[in-house]
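Notes follow once the structure below has been shown.
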Amino acid sequence: MSDLLGRTYIVTGAGSGIGRASALAITKAGGRVVIADIAAATLHETAELVKQAGGEVRTLVGSVADAAHADALTALALEAFGSLNGAHNNAGIETDIAPIAEASEAEWDRGMAVNLKGIWLCMRAQLRHMSANGGGSIVNTASVGGLVAVPGNAAYSAAKHGVIGLSRTASVEYAQAGIRVNALCPGLTKSGMTNRLLEVAPDLIQAVMPPMKRMAEPAEIADCVVFLLSDRSSYMSGQAMAVDGAATAV
């Protein structure tokens with residue numbers, strides 16, 4: 001498959017889970033990647049896997065909640081590869097499990113900084129370049145928690161609802177510039193984040209287990225990322241695409 005042949009993409013949160021699978025799927029589809037994560041060691045591991053798959057890769061360690069880091073990602077793509085054709089803005093964190101009335105302001109701010117502001121900062125830099133250079137495709141990772149309520153995890157759910165609204169707004173604002181923007185809404189997926197939630201809130205995980213009665217493999221989500229980045233989804237923009245084992249169908 002060469003749907004993304006010769007094109008350049010940014011992937012954030014690429015050190016593990018969906019982000020790592022996305023970087024590898026883009027590579028296998030012929031794309032070049034600039035990958036980012038706050039964890040240097042796991043980011044390096046992803047870069048090595050991309051190289052082993054025959055891909056071209058550049059890395060940048062940092063937090064998407066930092067505007068300078070977000071801007072530097074786009075700058076690195078242009079410096080290294082001379083172009084930027086799209087992005088998978090995927091970096092995110094889990095937040096503490098607590099009812100709204102018992103949640104801390106600090107935890108709310110932490111979740112919003114990474115899960116919502118971080119996507120806005122990255123997308124802002126990407127849009128500035130892409131709107132003046134022929135367009136492209138952006139995929140922002142939301143969650144099924146952006147489509148339905150997640151009791152006990154309001155900060156996460158609110159941020160992911162925000163990602164969908166942000167993506168839809170961008171899709172309208174930049175449609176004439178040839179830029180498509182979609183939100184991807186994974187259900188339960190095998191990842192470090194899910195493992196950590198299993199340790200602290202096993203009942204919550206069971207409550208959102210989909211009718212398929214299994215978690216997604218990261219590669220299953222990554223296949224949908226490649227579809228949304230590619231020309232195969234050329235008339236698809238402003239959508240919140242659930243990949244959730246039928247979780248939101250009931």
Side-chain angles (χ1 to χ4, degrees), residues 1 3-4 9-29 31 33 35 46 86-94 114-116 118-119 122-123 137-150 153 156-168 170-171 180-198 204-250:
M1 185 171 65
D3 290 347
L4 309 180
Y9 298 92
I10 291 168
V11 182
T12 65
S16 61
I18 292 172
R20 174 175 288 180
S22 175
L24 290 170
I26 291 169
T27 297
K28 292 173 184 176
V33 289
I35 59 174
T46 301
H88 180 200
N89 296 314
N90 169 73
I93 58 172
E94 71 269 30
V114 177
N115 293 337
L116 182 55
I119 284 184
C122 288
M123 190 166 63
S137 179
I138 295 174
V139 178
N140 296 321
T141 297
S143 167
V144 293
L147 296 169
V148 297
V150 185
N153 209 350
Y156 182 84
S157 184
K160 294 302 187 177
H161 274 77
V163 170
I164 293 172
L166 181 64
S167 302
R168 286 175 168 160
S171 75
R180 296 184 299 106
V181 185
N182 290 288
L184 186 65
C185 302
L188 277 178
T189 304
K190 294 178 181 178
S191 67
M193 180 185 294
T194 302
N195 290 339
R196 290 188 293 272
L197 285 172
L198 276 169
L204 175 62
I205 295 296
Q206 290 305 313
V208 296
M209 185 65 68
M212 283 189 178
K213 297 302 179 185
R214 70 173 180 87
M215 298 184 192
E217 297 290 340
E220 293 178 290
I221 309 301
D223 284 343
C224 296
V225 174
V226 170
F227 168 72
L228 290 173
L229 290 176
S230 77
D231 294 340
R232 288 183 293 153
S233 59
S234 59
Y235 200 58
M236 187 173 179
S237 193
Q239 301 306 302
M241 182 179 179
V243 189
D244 65 356
T248 53
V250 294

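Within the 4.5 Å cutoff, no side-chain heavy atoms of Met241 are placed close to those of Val139. Contact of the Ile138 side chain with the Cys122 side chain is not registered, since no non-hydrogen atoms from C-beta on lie closer than 4.5 Å. The shortest distance between side-chain heavy atoms of Cys224 and Leu184 falls below 4.5 Å. Residues Asn115 and Ile93 meet the side-chain proximity criterion, which asks for heavy atoms closer than 4.5 Å. For the pair Pro210/Leu188, a side-chain contact is recorded, criterion being any heavy-atom separation below 4.5 Å from C-beta on.
The backbone N or O of Ala149 lies less than 3.5 Å from no partner atom in the side chain of Ser157, so there is not a single donor-acceptor pair. Asp244 contributes no side-chain N or O that, together with a main-chain N or O of Pro186, makes up a donor-acceptor pair within less than 3.5 Å. A donor-acceptor contact shorter than 3.5 Å is absent between the side chain of His88 and the backbone of Ile10.
Under the side-chain contact (heavy atoms from CB on, under 4.5 Å) rule, Ser230 has a single partner from Val225, Asp3, Ile26, which is Asp3.
In terms of heavy atoms, Thr141 sits closest to Lys160 at O-NZ, 3.2 Å. Nearest heavy atom pair, residue Leu147 against residue Ala240, reads CD2-CB, 4.0 Å. Across Ala170 and Val181, no two heavy atoms sit closer than the pair CB-CG2, 4.0 Å. Between Gln239 and Asn182 the shortest heavy-atom distance is N-OD1, 3.0 Å. What you find for Ala23 and Thr27 is that their closest heavy atoms are O-OG1, 2.8 Å. Of all non-hydrogen atoms in Ser171 and Ser237, the two that sit nearest each other are CB-OG, 3.3 Å.
Distance CD1/Ile35 to CZ/Arg20: 8.5 Å, rounded to 0.5 Å. With rounding to the nearest 0.5 Å, the separation of CD in Glu94 from OG in Ser191 is 8.5 Å. Taken to the nearest 0.5 Å, the CG atom of Asp223 stands 11.0 Å off from the CG atom of Leu228. For the atom pair OG (Ser167) and CD1 (Ile119), the distance works out to 6.5 Å, reported to the nearest 0.5 Å. Put simply, CG on Leu229 and OG on Ser22 are 6.5 Å apart, with the number rounded to the nearest 0.5 Å. Put simply, CE on Met123 and CG on Asn140 are 5.0 Å apart, with the number rounded to the nearest 0.5 Å.
Atom CE of Met236 sits in a crowded spot, with more than 12 heavy atoms from other residues, nucleotides or ligands closer than 6.0 Å.
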